[in-house]
Peer 1: 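Pasting in a structure now, in structure tokens, and then I'll have a few things to ask.
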Amino acid sequence: MSIIVADEPRVGPVPPEPAPLKTNYLNARSGILSWLLTVDHKRIGILYLVSLTAFFVVGGLAAGLVRINLLSPTGAIMTEDQYNRMFTAHGVVMLFLFLIPSIPAVFGNFFVPMMIGAKDLAFPKLNLASWYVYMIGAGFMVWSVLAGGIDTGWTLYPPYSSRYSQSNVFPGAFGAFITGFSSIMTGLNIMVTVHKMRCPGMTWGRLPLFIWAMYATSFIQLLGTPVVAITLTLLCVERLAGIGIFDPAIGGDPVLYQHLFWFYSHPAVYIMIVPGMGVISETITCFSRKNIFGYKAVAWSSVGIAVVGFLVWAHHMFVAGISYYSAILFSFLTMLVAVPSAIKVFNWTATLYRGSITFQAPMLFTLAFLVLFTVGGVTGLFLATLGTDIHLHDTYFVVAHFHFVMVGGMVLAYLAALHYWWPKMTGRMYSDFWSRASATIIFVGFFFTFVPQFVLGYHGMPRRYPNYPAEFQVYNVLSTAGASILGFGYLLPGFYLTLSLFFGDKATANPWSATGLEWQTPSPPSTFNFDRTPVVVCGPYEYAIGVDQLGRGLPEPPGPGSADDPASHHGPTGPAGPMHKETHVVG
Amino acid sequence: MHTEHKVDDPPTMHDVDSPGAMFLVFLVVLGLAVANILLATTGLGKLALPVQLGIASVQAVLVAYYWMHMRRGDQVVTLSALSSLFFVFIFYVLVLSDVLTRWRIAM
Ligand code: HEM
Ligand SMILES: [Cu+2]
């Protein structure tokens, strides 16, 4: 059965605002045990949110200390050995405990079932188990840090890590091994849920792009993570038992480790970014009141990234002693993987074209993502170019590249998601002014922090060194100054989001006038999300026509609501306005 | 007595593994592991690699077939499992593109 939504502007009858629920998922049960033993995907999402935030703070503090140390050419506050341990702690915590779980574990858990009209994930208990496994792995990492840290860098290259380092490699590597299983569990859960639990009418062609992105991510998690688990196991075997696997002195091959490690860890950077890309597709359509440009291209490019992302890993090894032939091959393959990323960026930009754009906080984060991710991606191409990389490898240029994609891209997408869905998750609105201020401050601080690092790297400052020639100091000071602006920007949401829980206005069911199913239920939702199974009649982003996925009219978007408000239904380019947007119906 | 049982049917006792059978498989896998370790000390020479990898493959197949319930999987499950072999194949091919050409002297 399919109900065809006419491809002509109209504003259907807006459903009445549902009464806020007396019992929602937050107050259905109370007490600490009701959280620790919950199998509700939404509560597990919150558990992850709280733990991830804590680790983000820890990783951020380590970053702050690294930057402070770099204020002086001879190291301002730490010994060289402490410095090694500090940047390793920063990398390990941020990657394994924050970025890899981030969006899938928090927003994937919370919103995948809601967006496809399901009651929960396919395996609720496995979901809870994944959080415990994550916490146990995190415990091992905290142990390794408290016992004095690791000095190998997050990449744990042998033979240094396996044979010579005196630091706590084992608990750290073992912790990463364990958190990997939590990642696999989440991926498995989401994949099965998307296959099996879509509500009637939710065809593959009508899935929100966030779901496509989460699906592609689970694919990488499922295929890639076991490889790193085995790699870390082999590393521990060599370290603990002295069996020669990677150390050439006892018959091993150190480059083999790098192959195995990057076979996971390059795809892992896509585990980090692809969910963020999914969020951007949601917010950019909502805040420009337009259908996505090229639904299929955006959906399939997520899958394309997941597949091609597995073919490019040795671009991290161009100067590690791999053969020239292989290096050329990988250089070429790496350039291929930029194609699907670029497809997405072009399609988002085309989505903005002639949109009725408004600048609420989620949209500011989204626009910042677009700019910063593009810079990050394009500098990735510089590094993919074999000849250039021989100059740039292991310099601050690489550091700037990956921070542009991971912080400018992923962390901003995470913040966009947090600001977009916060009203749904908590039932409260946060301060409009402060949230916009925070987005702006983060954007400015980010540029100050990382643009100087491109310059530094290009001029040859190696990464992971505590000392540098005096002429580099000005760039390092600039970067540290920027980092303090950035840090301040990150602190703000901690305040206004927390305050919103107590003093914020009550959120309506659909405060952004968005089309997705997750908005067609009260805020905060009940334990089982919907009081009856929703039936989807159209694609996910019919903003130009003005209907949600249930085929009902959308409420008036936030803003002055007057006829000259571009986002309003009756504004000139609104669905009922005289110059309504052209659209083609998806799904 | 064997009756036709479709994947979507509710589970019956027929679908439950007996602990004995599972334990037996476990013992066989363990036994093969011990055999492999012992073989490693005997110096098989050229034969070592094929023989020992062969034993490891048998172990992997046993685990997949019994413990991962591949023997009851439908075609989609079998196909997914086989595609993981394809995935490993990609890894080997691209790593070999390095290893097999690494020692050639540049002209
Ligand atoms: C758009 C396509 C991309 C291309 C072509 C690309 C290319 C590269 C290359 C060639 C390197 C190695 C540089 C070197 O060590 O000499 C590199 C490093 C890195 N990239 Fe990217 N990249 C891309 C996107 C991303 C994304 C989306 C992320 C993360 C979300 C990311 C994260 C990283 C990280 C973490 C490293 C450094 C790892 C380390 O050595 O510690 N990249 N990238
Ligand atoms: Cu990479």
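Order of the sequence lines sets the chain letters (A, B, ...), proteins ahead of strands, with each chain counted from 1. Model, not experiment: these values are computed from the prediction.
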Peer 1: At a 4.5 Å cut-off on heavy atoms, which part of A/Leu260 comes close to chain B: side chain, backbone, both, or neither?
Peer 2: both

Peer 1: To the nearest 0.5 Å, what is the distance between OG on B/Ser97 and CG on A/Leu333?
Peer 2: 8.5 Å

Peer 1: Working to the nearest 0.5 Å, report the span between CZ of B/Phe91 and OH of A/Tyr264.
Peer 2: 15.0 Å

Peer 1: How far does OG of A/Ser326 sit from CG of B/Leu96, to the nearest 0.5 angstrom?
Peer 2: 10.0 Å

Peer 1: Under a 4.5 Å heavy-atom cutoff, which of B/Val95, B/Ile90, B/Val93 has the most pairs with chain A?
Peer 2: B/Val95

Peer 1: Take a 6.0 Å sphere around CH2 of A/Trp300 and say whether it holds more than 12 heavy atoms from other residues, nucleotides or ligands.
Peer 2: no

Peer 1: Need one label for A/Ile322: side chain, backbone, both or neither, based on atoms under 4.5 Å from any heavy atom in chain B.
Peer 2: both

Peer 1: Using a 6.0 Å cut-off, check whether atom CZ of B/Phe87 has over 12 heavy atoms from anything other than its own residue.
Peer 2: yes

Peer 1: Count the heavy atoms belonging to other residues, nucleotides or ligands that lie under 6.0 Å from OH of B/Tyr66, then report whether that count exceeds 12.
Peer 2: no

Peer 1: Set out, in order, the CA-CA distance, both residues' side-chain angles and the distance that settles side chain to side chain contact (heavy atoms under 4.5 Å, CB included) for A/Phe263 and B/Leu94, then state yes or no.
Peer 2: CA-CA 10 Å; A/Phe263 186 63; B/Leu94 288 178; over 6 Å; no

Peer 1: Looking at A/Tyr132, I'd like to know if its OH atom is crowded, meaning that more than 12 non-hydrogen atoms belonging to other residues, nucleotides or ligands lie closer than 6.0 Å.
Peer 2: yes

Peer 1: Would you find more than 12 non-hydrogen atoms of other residues, nucleotides or ligands less than 6.0 Å from B/Met68 atom CE?
Peer 2: no

Peer 1: Just verifying a value: how many Å separate B/Phe86 CZ and A/Leu223 CG, rounded to the nearest 0.5 Å?
Peer 2: 11.5 Å

Peer 1: Who are the side-chain contact (heavy atoms from CB on, under 4.5 Å) partners of A/Pro158, not counting sequence neighbours?
Peer 2: A/Ser161, A/Ser162, A/Leu235, A/Glu238, A/Phe246, A/Tyr257

Peer 1: Donor-acceptor pair, distance only, cut-off 3.5 Å: does the side chain of B/Asp98 make one with the backbone of A/Ser323?
Peer 2: yes

Peer 1: Sequence neighbours left out, cut at 3.5 Å: what donor-acceptor pairs do the side chains of residues 301-311 of chain A make with other protein atoms?
Peer 2:
unit_1: A/Ser301; atom_1: OG; unit_2: A/Ala297; atom_2: O; d: 2.9
unit_1: A/Ser301; atom_1: OG; unit_2: A/Val298; atom_2: O; d: 2.9
unit_1: A/Ser301; atom_1: OG; unit_2: A/Lys344; atom_2: NZ; d: 3.4
unit_1: A/Ser302; atom_1: OG; unit_2: A/Lys344; atom_2: NZ; d: 2.6

